[in-house]
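Take a look at the structure set out below.
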Amino acid sequence: MLKITPNTKFKDALANPMAKDMLEKLMMALRLPASLITDGFLSNGKLKWLTTATAGLLDKKTVQQICDMLNLEKDEVITDKGTLEKKWWKEAVIYQVYPRSFYDSNGDGVGDLRGITEKLDYLQELGVTAIWCSPFYDSPNDDNGYDIRDYKKILDEFGTMEDFDTLLDEIHRRGMKLIVDLVVNHTSDEHEWFQQALKSKDNPYHDYYIWRDATDKGITPPNNWNSLFKGNAWNYYEHLDQWAMHLWTKKQMDLNWENEKMRNDVYAMMNWWLEKGIDGFRMDVINFISKDPNLPEANPFLGILTGYKGAEYYFYGPRLHEYLREMREKTFGNYDVYTVGECGGAGIEMDKMLTADFRKELDTVFNFDFLINQGHTNYDYYDYDLYKVMENFEIFQTEYTNHCWPTVFFENHDNPRIVSRVDKTDAYREDISKICALIQMTLRGVPYIYQGQEISMGNVDFETIEEIDDVQAVNTYKELVAKGKSKEKAFFKAKTGTRDNARSPFQWSDSENAGFTTGKPWLKITSDYRRFNAEDEAKREDSVLNFYKKAIALRKNTQALVYGEFKRAEHIDAPVFCYYREYNDELYYVELNLGKKAQPRPIDMQHAALVLSTKGKPSDNMLKPFEGNIYKIR
């Protein structure tokens, strides 16, 4: 493949998957259309133009560093369409359980594994075929379980290994599967490996983590990289006169994947869980495991664009593909299981390199571009545009090839609720929930439902910063106050974007504590639980919950909605978005009004059979706000 230099033309660089994604993201960050470098007047321009375009903020040295980084990818963009291959996980409908907030079986205010087991019939009736369970391992809970102290032990609050074995057996007895969270970019600083690493530089476990010698007794960190949870990315340990890296909280210490013995210990742990009978892994920030071993200084301007100094040196590191292939060969590649990677920062072309079937790395990844392509962060107060989301989804429907398989989701444990993001007035809450369900169940890709999404749960009405548990939001609040913002404004921003909006306990009924616990809930339950809860939703025929059941059943019984070709209907103006799904002799048509005003129906479907409508029965000529319908044409 062409070696990229500052003199390489933009249009030529786009043959490199990493370059294509990164240059398009850079243009977006500069508020310029990506078409300028693909087929516009800049396509014949050279990469060194970036120095001029940024008024020197990306200087010549940095442009060269960018070129060196892009050259780490040795393969060209995947353009071969490939052959469609059926897999059980391509037909799955996956439900994410956040165990701390799902159901408390013993009244201590914290959800647990027995609570999940008790509610499996609910999930089976919903129609989902697999469960992704967020971390339940032993942990000091500095980041709600994503800081693991012992990979082979269950956190006491969640139960015992016997409780896990029962849960797994009961899931399998119902014909469902279990995907567990895998967190191997980092461990807790209380993990035995790190405790050993602290004893001396000569300890065998010391090199399991990323260390650098101090040069001035702990005053200046080894580089200017940021933690993704604010502050610098290093802890100083005086007795060793060394710094250790943490890209997340100060208690989440990054593992050194350059160490082969460490990798083999991780693989042994993974195989231990696979032998227990789990059905796959969701891999936390898996694209961060390979860092540039030189740990270079981050470019401040790139830090402003991405929000994190240093990310350019680890979000798609030099040995990432090597590690993932090795992991697959030594662990999950030997089982009929499913993998999905959390890969923040990667674009569609990099995602294709990570998941193409012939490359033998991951099965799927979560792509977060649709969350950031609106020019805002989670902490900004704005109305989220579902039409822009569909434009992003369309790219994965049409350009991802048959070698790869998308994931389709609107919510997870790290983001505020979709209904609260799209409309702050609450006027269209249930309509938004239903149209999101229709989208997820009619697109190609593995649909993920986050707990509470199916009963239209919204953001939490937090009143003080003390009610928020999320370390990221609390740190954001503290940083804003330290920079001079009023406590009121800082709190408003923190509560807007806090991950706790999604982590509030599940609303099972209109009884005390929403039926989640007989004790004191670990996190505030939003005050609208008497209106939005699973018990009442099940009784109401036109509820969001019952719509989800219908949409899921439709997908499970319609191969065209799983494997069919996607084709967007042309010449239709925003906010209406329409598309076809075609497979063998079947053809379906989906129409969506993704705005707050009624819109003319663009295509007459009187000759087709209505299959499902978010409104029960559509009107003749107009699509109501957030109305969606699917028709069978043949």
Side-chain angles (χ1 to χ4, degrees), residues 17-29 34 73 77-78 82 89-90 92 94 96 132 179 181-182 185 228 280-289 305-308 311-312 314-317 320-321 324 338-357 359 361-378 384-416 418 421 436 439-440 443-450 453 502 566:
M18 193 175 183
K20 187 172 188 296
D21 284 343
M22 294 310 299
L23 291 174
E24 288 180 356
K25 287 176 182 286
L26 180 61
M27 296 300 287
M28 183 175 71
E73 180 55 76
V77 167
I78 297 172
W89 48 264
K90 292 182 179 179
I94 301 180
Q96 183 189 354
W132 154 28
I179 315 299
D181 234 309
L182 181 73
N185 174 73
L228 280 79
F281 294 108
R282 176 267 184 187
M283 301 183 179
D284 187 63
V285 294
I286 196 65
N287 59 316
F288 286 11
I289 60 177
L305 292 181
T306 63
Y308 308 106
E312 65 268 29
Y314 60 75
F315 85 102
Y316 195 74
L320 176 61
H321 295 301
L324 292 178
Y338 164 67
T339 56
V340 56
E342 179 190 30
C343 295
I348 183 173
E349 300 303 335
M350 288 183 274
D351 287 349
K352 285 159 68 175
M353 304 305 287
L354 292 166
T355 63
D357 49 14
R359 290 177 59 83
E361 297 182 30
L362 301 175
D363 292 324
T364 61
V365 296
F366 292 126
N367 181 281
F368 301 99
D369 284 354
F370 75 94
L371 293 174
I372 63 173
N373 71 350
Q374 315 227 353
H376 297 277
T377 72
N378 281 352
Y384 192 67
D385 189 342
L386 284 179
Y387 186 84
K388 288 183 178 179
V389 173
M390 283 304 302
E391 288 184 311
N392 181 264
F393 283 176
E394 180 190 4
I395 297 171
F396 281 83
Q397 297 295 301
T398 58
E399 299 180 20
Y400 214 36
T401 81
N402 287 327
H403 290 298
C404 310
W405 204 251
T407 56
V408 187
F409 65 100
F410 286 102
E411 294 189 6
N412 60 25
H413 62 290
D414 280 336
N415 291 280
I418 189 67
R421 301 179 78 178
C436 287
I439 291 169
Q440 287 188 269
L443 289 180
R444 172 184 283 204
V446 181
Y448 280 80
I449 303 166
Y450 179 67
Q453 188 178 333
F566 172 99

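Note that the structure is predicted; figures quoted are calculated from it, not measured.
- Counting only heavy atoms from C-beta outward, the side chains of Leu362 and Ile286 approach each other to under 4.5 Å.
- The salt bridge (charged side-chain N to carboxylate O under 4.0 Å, His left out) search around Arg421 returns none, not counting sequence neighbours.
- Taking 4.5 Å as the limit, every side-chain heavy atom of Met350 sits out of range of all side-chain heavy atoms of Asn287.
- Between Phe410 and Phe370, the angle of the ring planes goes over 60°, which puts this pair in the perpendicular group of the 30/60° scheme.
- For Phe396, the ring-ring contact (aromatic ring centres under 6.0 Å, His included) partners two or more places apart in sequence, or in a different chain, are Tyr400.
- Looking at Phe566 and Leu443, their side chains come closer than 4.5 Å, going by heavy atoms from C-beta outward.
- You'll find the side chain of Arg282 reaches within 4.5 Å of the side chain of Phe366, heavy atoms only.
- Side-chain contact between His321 and Glu73: present, with at least one pair of heavy atoms (C-beta onward) separated by less than 4.5 Å.
- Glu349 meets the side-chain contact (heavy atoms from CB on, under 4.5 Å) test with Pro17, Lys20, Asp21, Val77, Lys352; sequence neighbours excluded.
- Side-chain contact between Asp351 and Cys404: absent, with no pair of heavy atoms (C-beta onward) separated by less than 4.5 Å.
- Between Thr407 and Val340, the closest side-chain pair of non-hydrogen atoms falls below 4.5 Å.
- Checked against the 6.0 Å centroid threshold, Phe393 and Phe409 do not count as a close aromatic pair.
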